[in-house]
Amino acid sequence: MAVHILDALSREGFEEILAVHDRESGLRAFLALHDTSAGPAFGGIRRFSYASEKSALLDCLRLALSMSHKCALAGVRGGGGKVVILDRPDLDLERAYRHLGARVERMGGRFYTGPDVGTGEEELGWVTATTRYATRTDDLGPGDLAEATCMGTFAGVSAGLRSLYGEEDWAQRTIVVQGLGKAGRGMARLFAERGARVLAADLEADRVQRAVDDLGVERLEPGSEYEVEADVFCPCAMGGVLHDLTIQRLGAKIVAGAANNVLAKARHGDRLHERGILYVPDFVINAGALIRGATFHLDGTPASNEEILGRVGEVAREILCRALEEDAPPARVAVDEAERRLALRRGTASTDEPTRPVTTS
Ligand code: NAI
């Protein structure tokens, strides 16, 4: 496996990576800490059948870095971390998650973990049995994280509409939602409640049927959602869905959704910009769960829906405003701003450069 771990860490300023193996459960996992200069690292546990150890490691690093960007832009006093478990059929899940929890506990609060793809309520129950530094899903935890995600994402969609049209005018909007899981269903509900026309696709037909029945959304065949002429394409399923082929087919004027890492490559943010499609970066607007979890762990009180709407909306508006001023792809503006904030936190920012606050009121 030709991965030069130390090179990879130093290139992006990572602090640490642990390779975790447990003989009893068969657990094989990576745990990456990207940045703890402003506070503990936050990041969920992803469990996935990776094709190789290399792809698992790279995913872990990419996700931890993206969490640092998310923290910096959301004003969270912490940085990015991540765990990825290399899933396989003979893994003893309960033991594996308990082992991971114990490992996180030994880090003494440098890293807080929580849900992600492959890690839901049951798995978190095993993790929280062995560590205090993980999100509880019962009454002793921070509350509904998916709802928090939807609040922030909604603020991001609003910012996109205002940037393009000067107003939201929900009743006149057509919105396509991809994925009707925890985040997508919540988004579809928020749009439908405001009178928007909502079309949605999911690989699981019963989820779509439920949304048709309860929320009045219109059904789309999975794969057909890209072409729909819409104001907003709201991706709430998997990452990497926007690439050369799908961007070419995209009929929406704005892309804004909850899904993590929706661009297959960074250059696809440029491609959207060239096509005149406004992309509101995912890591700017899907930070609601992070904000709620971090405020709970650091301050003892989870952020309310209103606080999340306000915080995410403000930063989204600022990023879009700057992108418009500079005629630059919003994803580039957001990454630059996140990196600038990280450098300030680490005390490595150039003093020659004037600092520009991201929030202007
Ligand atoms: P989920 O697992 O509850 O729902 C995902 C849904 O997408 C499922 O219904 C699945 O059938 C559907 N789906 C998968 N591939 C699809 C495709 N190609 N076309 C149409 N539908 C497809 O997941 P959740 O929690 O709703 O998360 C969705 C996205 O939002 C993920 O990328 C996640 O990383 C991101 N996210 C979620 C947060 C949360 O609080 N739930 C927080 C931040 C990001």
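Please read all numbers here as calculations on a predicted model, not as lab measurements. Numbering of ligands and ligand atoms starts at 1, following listing order.
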| Taking only heavy atoms of Glu204, which atoms of ligand 1 are found under 4.0 Å from at least one of them? | 11 (O)

| Nearest-neighbour protein heavy atom for atom 12 (C) of ligand 1, which is reported as residue plus atom name and distance | Asp202 OD2, 3.3 Å

| task | For atom 35 (C) of ligand 1, find the nearest protein heavy atom and state the residue, atom name and distance (0.1 Å precision). | result | Ala258 O, 3.3 Å

| Under 4.0 Å from any heavy atom of Leu145, which atoms of ligand 1 are there? | 40 (O)

| So which protein heavy atom does atom 2 (O) of ligand 1 come closest to, and at what separation? | Lys182 NZ, 4.2 Å

| task | State the atoms of ligand 1, each with its element, that fall below the 4.0 Å cut-off from a heavy-atom position in Ala201. | result | 20 (C), 21 (N)

| message | Parallel, tilted or perpendicular: which one describes the rings of Tyr112 and Tyr133, with boundaries at 30° and 60°? | response | perpendicular

| task | Flag yes if Leu320 and Val255 sit in one hydrophobic cluster, no otherwise; membership is Ile, Leu, Val, Met, Phe, Trp, Tyr, and two members link when side-chain heavy atoms are under 4.5 Å apart. | result | no

| request: Tell me, yes or no, whether the heavy-atom count around Arg88 atom CZ, taken from other residues, nucleotides or ligands under 6.0 Å, exceeds 12. | output: yes

| query | Where does the angle between the aromatic ring planes of Phe154 and Trp170 fall among parallel (under 30°), tilted (30 to 60°) and perpendicular (over 60°)? | reply | parallel

| query | For the hydrophobic clusters of this structure (ILVMFWY residues joined by side-chain heavy atoms under 4.5 Å, transitively), does one cluster hold both Met107 and Trp126? | reply | yes

| query | What protein heavy atom sits nearest atom 38 (C) of ligand 1, and how far off is it? | reply | Thr149 OG1, 3.6 Å

| note | Ala259 heavy atoms within 4.0 Å reach ligand 1 at atoms 29 (C), 30 (O), 32 (O), 35 (C)

| remark: closest protein heavy atom to atom 34 (O) of ligand 1 is Asn260 ND2, 3.0 Å

| Can you check whether Ile277 reaches Phe233 side chain to side chain, under 4.5 Å on heavy atoms? | no

| Looking at atom 43 (C) of ligand 1, what's its closest protein heavy atom, distance included? | Asn286 O, 3.7 Å

| task | Before signing off on this row, confirm whether Ala183 and ligand 1 have an N or O atom pair separated by under 3.5 Å. | result | yes

| field | Closest protein heavy atom (residue, atom, distance) for atom 8 (C) of ligand 1 | value | Arg207 NH1, 3.2 Å

| task | Write out the residue and atom name of the closest protein heavy atom to atom 17 (C) of ligand 1, then the distance separating them to 0.1 Å. | result | Leu203 CG, 3.7 Å

| Which atoms of ligand 1 are found less than 4.0 Å from any heavy atom of Ala146? | 40 (O)

| message | Less than 6.0 angstrom from the centroid, inside 45 degrees of the normal: does Arg47 satisfy that with respect to the ring of Tyr97? | response | no

| field | Side chain to side chain, Arg77 and Asp299, heavy atoms closer than 4.5 Å | value | yes

| note | Logged contact type for Ala237 with ligand 1, heavy-atom cut-off 4.0 Å, is both

| Are Cys236 and ligand 1 in contact, using a heavy-atom cut-off of under 4.0 Å? | yes

| field | ILVMFWY cluster, Phe283 and Leu272 together (side-chain gap under 4.5 Å) | value | no

| Counting only heavy atoms not in Arg28, do more than 12 sit closer than 6.0 Å to its CZ atom? | no

